[in-house]
Amino acid sequence: QVQLVESGGGLVQAGGSLRLSCAASGLPFSLYVMGWFRQAPGKEREFVATITRSSSVTYYADSVKGRFAISRDNAKATLYLQMNSLKPEDTAVYYCASRWGSTQAMGAHEYNYWGQGTQVTVSS
């Protein structure tokens, strides 16, 4: 049974930082492209960042570029998202997702497995 479990969310003031983690089990983690998505109330789920299997390539949404950093530790089967200079508009539920294969993707429908999400709230 595949499980992706996010943690690290919380309440932070604007300008602050948070580090999200996503622990994976039940799948060969190193063979999956991984991604982070987020969904704010009343909005569609949107792409945040993605990372290739070997961490050689990362890609970010324009809204988080330069502030967020995605990384992974294949030995620990864990995905990370370091979020700096947080803004109120970053408030959302953040989800990690896995995609079988070697190519990156930004569409939610292209990912196979999803975590349950972790809430990030940024106060102004």
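As a basis for the values below, the full set of heavy atoms in this structure was taken, side chains included, without hydrogen atoms, waters or symmetry mates.
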For [X] against [Y], the heavy-atom pair lying closest together:
X      : Y     : result
Arg67  : Ser85 : NH1-O, 2.9 Å
Leu4   : Met34 : CD2-CE, 4.3 Å
Gly117 : Val93 : CA-CG1, 3.8 Å

Original post:
Any sub-3.5 Å donor-acceptor pair from Thr118's side-chain atoms to Ser7's backbone N or O?
Top reply: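 Pair absent, no side-chain N/O of Thr118 close to backbone of Ser7.
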
Original post:
Okay, side chain of Asn74, backbone of Ala77: is any donor-acceptor separation there less than 3.5 Å?
Top reply: no

[X]: salt bridge (Lys or Arg N to Asp or Glu O under 4.0 Å) partners, not counting sequence neighbours:
X     : answer
Glu89 : none
Arg72 : none
Lys43 : none

So how far is it from [X] [atom1] to [Y] [atom2], rounded to the nearest 0.5 Å?
X     : Y      : atom1 : atom2 : value
Ser71 : Leu79  : OG    : CG    : 7.0 Å
Glu6  : Cys96  : CD    : SG    : 4.0 Å
Ile51 : Gln104 : CD1   : CD    : 8.5 Å

Non-neighbouring partners of [X] that pass side-chain hydrogen bond (donor to acceptor under 3.5 Å, both in side chains), sequence neighbours left out:
X      : value
Ser124 : none
Gln3   : none
Thr52  : Ser56
Arg53  : none

Under 4.5 Å between any side-chain heavy atoms of [X] and [Y], yes or no?
X      : Y      : answer
Tyr95  : Gln39  : yes
Thr50  : Val33  : yes
Val120 : Met83  : yes
Thr91  : Gln119 : yes
Val12  : Ser123 : no
Val48  : Leu81  : yes

Original post:
Do we see a donor-acceptor contact under 3.5 Å between the side chains of Arg99 and Thr103?
Top reply: yes

Original post:
Pairs in or reaching into residues 10-54: which pass ring-ring contact (aromatic ring centres under 6.0 Å, His included), with residues at least two apart or in two chains?
Top reply: Tyr32-Trp100, Phe37-Phe47, Phe37-Tyr111, Phe37-Trp114

Original post:
If you look only at pairs with a residue in residues 50-91, which of them pass as a ring-ring contact (aromatic ring centres under 6.0 Å, His included), with sequence neighbours excluded?
Top reply: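 ring-ring contact (aromatic ring centres under 6.0 Å, His included) check on residues 50-91 returns no pairs.
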
Original post:
According to the side chain to side chain donor-acceptor pair (under 3.5 Å) rule, which pairs have a member within residues 16-28, sequence neighbours left out?
Top reply: Ser17-Asn84

Original post:
Any salt bridge (Lys or Arg N to Asp or Glu O under 4.0 Å) pairs touching residues 21-41, not counting sequence neighbours?
Top reply: Arg38-Glu46, Arg38-Asp90

Original post:
Does Val5 sit in a hydrophobic cluster with other residues, and if so which ones, taking ILVMFWY side chains as linked at heavy-atom separations under 4.5 Å, directly or through other members?
Top reply: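 None, because no other hydrophobic side chain comes under 4.5 Å of this residue.
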
Original post:
Same cluster for Val2 and Leu31 if Ile/Leu/Val/Met/Phe/Trp/Tyr side chains link at under 4.5 Å?
Top reply: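 Yes, because Val2 and Leu31 connect within a single hydrophobic cluster, where side-chain heavy atoms sit under 4.5 Å apart.
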
